[in-house]
Structure formats: structure tokens, C-alpha cells
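The structure under discussion appears below in the form of C-alpha cells.
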Amino acid sequence: AFIVTDNCIRCKYTDCVEVCPVDCFYEGPNFLAINPDECIDCALCEPECPANAIFSEDELPEDQEVFVELNRDLSLIWPNITEKKEALADATQWDGVEDKLEHLER
Ligand code: SF4
Ligand code: F3S
């Protein structure tokens, strides 16, 4: 599956959801999660993310491993999102800030 990682937190640009052929993105307050059982590994979302936050699980940076389980767990409790909306107001300030996990809202 493809995994949404740290740099999505507090940005949530949502460009990714528009291209997903199986609509497997789920929306939290300041992060999106991919349901790994629904993702068909088409790779279309990866280049769409302005924050470069999406990786194939095979190419996941080592320090992002925690997001495998987070995507699975959060996708099961959050509502589905299929249409792009405005990014969070201060997305540009948070884009590129490292280790935003402490800011993840459930
Ligand atoms: Fe959707 Fe394809 Fe991205 Fe998986 S890899 S989340 S199926 S766009
Ligand atoms: Fe997040 Fe990138 Fe999608 S910032 S909402 S993974 S476009």
C-alpha cells in the first residue's frame, strides 16, 4: 500500500484524493490516512502531493515506519474524502517542518 507520512500533518493539501481510483483516503482534522486494504498501489497519488508526504510502503523512509500502522488505524475511524478542499490555513508554514507527529489530531 501507499502510506501518508509526517509531512502531511498540519498541511493537508488534499490534492491526493482527487486522483485515487478507489477513493481510499480518509480525513482527520489535520492529516489524511490511506486504507491499506483498499489501496491498489496505482501510485497516482504520490506525485500529486505538494508536500511529498506519500510513499510506497516499499520505499518508506526508515523514520516513517510508525505511519504504516497509523494509516491503517486512522483510516478505519475517519470519514472518507474524495474531493479536494482548501489546504489548512498555515500549510505553507508547516510544510517541511520535521517530526510533526506530536501535532497529529485524532
Ligand atoms: Fe489511491 Fe493509488 Fe494512492 Fe493507493 S496508490 S492511495 S490506490 S491513488
Ligand atoms: Fe496530505 Fe499531501 Fe494529500 S499533504 S492531504 S498527502 S496531498
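Whatever order the structure lists ligands and atoms in, that order sets their numbers, starting from 1.
Of the inter-residue distances, the one linking Ile54 atom CD1 with Cys16 atom SG reads 4.5 Å to the nearest 0.5 angstrom. Here Leu70 contributes atom CG and Glu65 contributes atom CD; the two are 12.0 Å apart, rounded to the nearest 0.5 Å. Atom CD of Gln64 sits about 10.5 Å away from atom CD1 of Ile3, to the nearest 0.5 Å. To the nearest 0.5 Å, the span separating NZ on Lys84 from CD on Glu86 amounts to 8.5 Å. Interatomic distance, CG of Leu88 versus OG1 of Thr14, reported as 9.0 Å (0.5 Å rounding). Distance check, rounded to the nearest 0.5 Å: CG of Asn30 to CD of Glu105 gives 4.5 Å.
Note on ligand 2: Lys12 sits in its first shell, one or more heavy atoms being nearer than 4.0 Å. Ligand 2 is approached by Pro50 to a heavy-atom distance shorter than 4.0 Å.
Exactly one of Phe2, Phe25, Phe31, Tyr26 qualifies for a side chain to side chain contact (heavy atoms under 4.5 Å, CB included) with Asn71. That residue is Phe31.
Atoms of ligand 1 found under 4.0 Å from any heavy atom of Val22, numbered from 1 in the order shown, are 7 (S). For ligand 1, the atoms lying closer than 4.0 Å to a non-hydrogen atom of Cys42 are 2 (Fe), 5 (S), 7 (S), 8 (S). Close contacts of ligand 1 with Phe25, meaning ligand atoms under 4.0 Å from a residue heavy atom, involve 6 (S). Atoms of ligand 2 lying under 4.0 Å from any heavy atom of Leu32, numbered from 1 in the order shown and given with element: 5 (S). Interface atoms of ligand 2 facing Asp15, defined by a heavy-atom separation under 4.0 Å, are 7 (S). Those atoms of ligand 2 with a heavy atom of Ile54 less than 4.0 angstrom away are 6 (S).
Of the protein's heavy atoms, Cys45 SG, 2.3 Å lies nearest to atom 3 (Fe) of ligand 1. Here the heavy atom of the protein found nearest to atom 5 (S) of ligand 2 is Thr14 N, 3.2 Å. Ranking protein heavy atoms by distance to atom 1 (Fe) of ligand 1, first place goes to Cys20 SG, 2.4 Å. Here the heavy atom of the protein found nearest to atom 4 (S) of ligand 2 is Tyr13 N, 3.5 Å. Ranking the protein heavy atoms by distance from atom 7 (S) of ligand 1 puts Ile40 N, 3.4 Å first. Nearest non-hydrogen protein atom to atom 4 (Fe) of ligand 1 is Cys39 SG, 2.3 Å. Regarding atom 1 (Fe) of ligand 2, its nearest protein heavy-atom neighbour is Cys8 SG, 2.3 Å. Annotation: atom 2 (Fe) of ligand 2 to nearest protein heavy atom, Cys49 SG, 2.3 Å. Nearest protein heavy-atom contact of atom 6 (S) of ligand 1 is Cys24 SG, 3.5 Å. For atom 5 (S) of ligand 1, the nearest protein heavy atom (residue, atom name, distance) is Ala43 N, 3.3 Å.
Nearest heavy atoms, Asn80 versus Asp23: ND2-O, 2.8 Å. Taking all atoms of both residues into account, the shortest heavy-atom contact from Ala91 to Cys11 is O-SG, 3.4 Å.
With 2.8 Å as the limit, Cys16 counts as an N, O or S neighbour of atom 3 (Fe) of ligand 2.
Under a hydrophobic-cluster definition in which Ile, Leu, Val, Met, Phe, Trp and Tyr are linked whenever side-chain heavy atoms come within less than 4.5 Å, directly or via other members, Phe55 and Val66 are assigned to the same cluster.
Within the 4.0 Å heavy-atom criterion, neither part of Asn7 lies near ligand 2.
The shortest side-chain heavy-atom distance between Cys20 and Leu44 does not fall under the 4.5 Å cut-off.
Residues Arg10 and Asp95 are not paired through a salt bridge, judged by the lack of any N-O separation under 4.0 Å between the basic side chain and the carboxylate.
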